[in-house]
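A quick write-up on the structure given underneath.
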Amino acid sequence: MHCLCRHGLTCVRARPYSTISALSTAQRKTIYALSTPPGKAGVGVIRVSGPAALAVWSRLIKAKNRKQDFPVPWKFERCHIVHPEDGRVIDDALSVFFKAPKSFTSEDVLELHVHSGRAIIASVFSALATFPSCRPAEAGEFTRRAFLGGRLDLTEVEGLRDLIDAETEGQRRLALRAASGSVRNQYEQIRSDIIHCLALVEALIDFSEEDVEDGVYDQARGQARRLLANIEALLDDGHRGEIIRSGIKLAIFGPPNAGKSTLLNFLAKREAAIVTSVPGTTRDILELSLDIDGLPVIVADTAGLRKSEDLVESIGIERARAAVQQADISLCVLSLESAAAGLPQDMQDLVSADTYFLFNKNDLAVDTQQHTSKPNSWTVSLATGDGTETFMTGLSAALQKRFQFKGDDDNAPIITHARHRSHLTSAAQFLRAFIEAEDVIFGAEELRYAAKEIGKISGEIGVEDVLDSIFRNFCIGK
Ligand SMILES: Nc1nc2c(ncn2[C@@H]2O[C@H](COP(=O)(O)OP(=O)(O)OP(=O)(O)O)[C@@H](O)[C@H]2O)c(=O)[nH]1
Ligand SMILES: [K+]
Ligand SMILES: [Mg+2]
């Protein structure tokens, strides 16, 4: 750890979060948990992490023809797991020992690959419970130790959680970039660029003007401007990363009986919503999750929009309008029979650049020509299936284009959490303040704040409450 300035701003790779090493080995408990889902399966993995992992190995893991009495690290061994109380064999298993610091948690880790069965797992747990220094792990505790041990930064931790939660290809790709450290590297680069800038300014403060070359402050400002432009470009991503992570919200809207619920059922490939010829059939919002060519889409069917005296229907209509306003994308469904009259007045304020049109009931209409040429629109008959293939291809292409998610990963957004956006936005504000600062001392202070904001993204700067909320969302055994 080296210091670039008098104020204690540490280098990019420095890890103030050294809680693990701060606790003495004797104080630190060894934790264990089942890391695979509970239940009957071919294999279940029990992880043991902490200073007692080696002792557990010595007392629980027996193998024939073994020459040495320590595990060969990072190598699977066929073994018997025995209960330390009576020596009974619990299971014929595989074990692998990861020697600190080259393990997931950065501590000694023992993994037991047993047959996944209730009695086997209970018996291994009872064997582990005989060690006073061992206790069951809490949710997310392995990952928390990995973070505290400097193995992972917060973007990697979040990436790992998102990777486990990923349900579509798009989410998986985005999460993997974060989990594998490429997002971390980008933020570290930004932070080290800010610190480089700060070093130039510090030189001006620490040495008298004569000792420093002319133009150093301008040089620092020039760098800060370039850095600011980079950060602004990252922020100007249409929130694609956050939207893909949480699911693209697509709201279906339009007048009653246009075929909105029919469309939802078509997309879902099942009778999810009630369809009748009665206008005003749908009242509550009905949502379902779809995977459209790798992109996660949360589709909402809504009440048909019209003036209504009916109290229940009016509430439904209000909810429908709110759903469209909050959606990332909307799909306005119109029946071709009435589409010639144009979009009803009360729907015009719901149309945005992210609104697409579906002209339905092609089978009933005489003149479809005037609509087919409209941009961002498709003409179909959901009843006969006519045009639906083109619609699906078009919708998928529109989503891929809007979220720029085909092609190389370099184009993928790096901001996947609102937390990152808020720190990055603050960092940009501090950089702007530095660029405008008249005074070198104040300017340096702004740069220090900017670096700190980036440090909060990776978790290098104290964020205890953030940590709790992040790790709480993990399952036990992760
Ligand atoms: N002829 C024809 N009828 C259709 C087509 N699509 C849907 N319908 C019929 O139109 C009627 C209304 O369909 P819904 O899906 O309930 O319409 P909606 O827009 O959800 O209506 P509300 O929920 O009442 O706002 C039903 O009788 C459907 O069977 C189509 O392409 N052609
Ligand atoms: K209807
Ligand atoms: Mg409906």
Side-chain angles (χ1 to χ4, degrees), residues 249-290 292 297-327 329-352 354-374 376-396:
K249 284 192 266 167
L250 186 155
I252 299 173
F253 75 102
N257 266 5
K260 301 182 295 299
S261 302
T262 310
L263 171 64
L264 184 84
N265 292 350
F266 166 77
L267 293 171
K269 301 192 179 82
R270 66 186 173 91
E271 301 299 306
I274 301 172
V275 168
T276 75
S277 57
V278 181
T281 301
T282 305
R283 291 176 166 210
D284 265 333
I285 288 171
L286 183 62
E287 276 186 346
L288 43 93
S289 301
L290 298 178
I292 300 184
V297 182
I298 304 165
V299 187
D301 180 23
T302 61
L305 302 174
R306 64 171 170 179
K307 294 217 161 36
S308 169
E309 299 296 315
D310 183 295
L311 175 65
V312 183
E313 190 181 2
S314 315
I315 296 172
I317 289 169
E318 252 170 60
R319 288 188 181 188
R321 296 183 64 85
V324 179
Q325 275 151 356
Q326 285 157 18
I329 303 228
S330 62
L331 192 53
C332 178
V333 183
L334 295 166
S335 166
L336 270 176
E337 301 163 293
S338 52
L343 191 67
Q345 193 66 34
D346 60 336
M347 277 169 229
Q348 283 175 5
D349 64 315
L350 295 177
V351 175
S352 72
D354 283 319
T355 304
Y356 296 84
F357 292 89
L358 189 68
F359 296 106
N360 186 29
K361 308 201 186 183
N362 191 13
D363 52 301
L364 298 182
V366 231
D367 173 26
T368 59
Q369 213 51 45
Q370 59 168 326
H371 300 290
T372 40
S373 54
K374 280 204 168 77
N376 288 348
S377 76
W378 302 277
T379 301
V380 295
S381 164
L382 291 170
T384 66
D386 182 37
T388 50
E389 227 168 90
T390 313
F391 160 59
M392 281 314 285
T393 325
L395 178 64
S396 169

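Atoms within a ligand are numbered from 1 in the order they appear, just like the ligands themselves. When reading the values below, keep in mind they use all heavy atoms of this one structure, side chains included, and skip hydrogens, waters and symmetry mates.
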Below 4.0 angstrom from a heavy atom of [X], which ligand 1 atoms are there? Numbered from 1 as shown, please.
X      : answer
Gly304 : 25 (O)
Lys260 : 15 (O), 17 (O), 18 (P), 19 (O), 20 (O), 21 (O), 22 (P), 25 (O)
Leu382 : 31 (O)
Leu364 : 1 (N)
Ser277 : 27 (O)

Is the closest side-chain heavy-atom distance between Ile252 and Val299 below 4.5 Å?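 Side chain of Ile252 against side chain of Val299, heavy atoms only: contact under 4.5 Å found.
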Less than 4.5 Å apart, side chain to side chain, heavy atoms only: is that true for Thr355 and Leu350?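 They are not in side-chain contact.
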Atom pair [atom1] ([X]) and [atom2] ([Y]), whose distance is rounded to the nearest 0.5 Å:
X      : Y      : atom1 : atom2 : result
Ile329 : Leu395 : CD1   : CG    : 7.5 Å
Phe391 : Leu263 : CZ    : CG    : 5.0 Å
Ser330 : Tyr356 : OG    : OH    : 9.5 Å
Trp378 : Phe359 : CH2   : CZ    : 11.0 Å
Asn257 : Thr281 : CG    : OG1   : 6.0 Å

Salt bridge (charged side-chain N to carboxylate O under 4.0 Å, His left out) between Arg321 and Asp346: does it pass, once the steps are laid out? CA-CA 10 Å; Arg321 296 183 64 85; Asp346 60 336; 5.2 Å; no
Tell me: protein heavy atom nearest [atom], and distance?
atom                    : answer
atom 11 (C) of ligand 1 : Thr276 O, 3.7 Å
atom 14 (P) of ligand 1 : Thr262 OG1, 3.6 Å
atom 2 (C) of ligand 1  : Asp363 OD2, 3.5 Å
atom 6 (N) of ligand 1  : Asn360 ND2, 3.1 Å
atom 8 (N) of ligand 1  : Lys361 CE, 3.8 Å
atom 23 (O) of ligand 1 : Thr282 OG1, 2.9 Å

Can you tell me if an N/O/S atom from [X] lies under 3.4 Å from the K ion (ligand 2)?
X      : result
Thr281 : yes
Ser261 : no
Gly304 : no
Thr282 : no

Over 12 foreign heavy atoms within 6.0 Å of CZ, Arg319: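 Open: at most 12 neighbouring heavy atoms sit under 6.0 Å from CZ of Arg319.
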In this structure, are over 12 heavy atoms from other groups packed under 6.0 Å from Gln348 atom CD?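 More than 12 heavy atoms, drawn from other residues, nucleotides or ligands, come within 6.0 Å of this atom.
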[X] to ligand 1: N or O pair under 3.5 Å?
X      : result
Ala258 : yes
Thr302 : no
Val275 : no
Asn257 : yes
Pro279 : no

Which is it for Lys249 and Glu287 under the salt bridge (charged side-chain N to carboxylate O under 4.0 Å, His left out) test, yes or no, and what are the steps along the way? CA-CA 9 Å; Lys249 284 192 266 167; Glu287 276 186 346; over 6 Å; no
Answer yes or no: is there a donor N or O on one side and an acceptor on the other, between the side chain of [X] and the main chain of [Y], under 3.5 Å?
X      : Y      : answer
Lys260 : Pro255 : yes
Thr393 : Glu389 : yes
Asn376 : Phe357 : no

Sole candidate of Asn362, Asp363, Asn360 that passes side-chain hydrogen bond (donor to acceptor under 3.5 Å, both in side chains) when paired with Ser381: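 The single option meeting the side-chain hydrogen bond (donor to acceptor under 3.5 Å, both in side chains) with Ser381 is Asp363.
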Rounded to 10 degrees, the angle OG of Ser261 makes with OG1 of Thr282 at the Mg ion (ligand 3):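 Once rounded, the angle between the two atoms at the Mg ion (ligand 3) is 90°.
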Who's closest to atom 17 (O) of ligand 1 heavy-atom-wise, of Pro256, Ser381, Gly259?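 It is Gly259 that holds the nearest heavy atom.
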With a 4.0 Å heavy-atom cut-off (strictly under), which part of Val278 contacts ligand 1: side chain, backbone, both or neither?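 It is the backbone that touches ligand 1; the side chain stays farther off.
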Using the K ion (ligand 2) as the vertex, how large is the angle between OD1 of Asn257 and O of Val278, rounded to 10 degrees?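 Vertex the K ion (ligand 2), arms to OD1 of Asn257 and O of Val278: 80°.
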For the Mg ion (ligand 3), decide whether Thr281 has an N, O or S atom at a distance under 2.8 Å.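 Looking at Thr281, which is the residue asked about, there is no N, O or S atom under 2.8 Å from the Mg ion (ligand 3).
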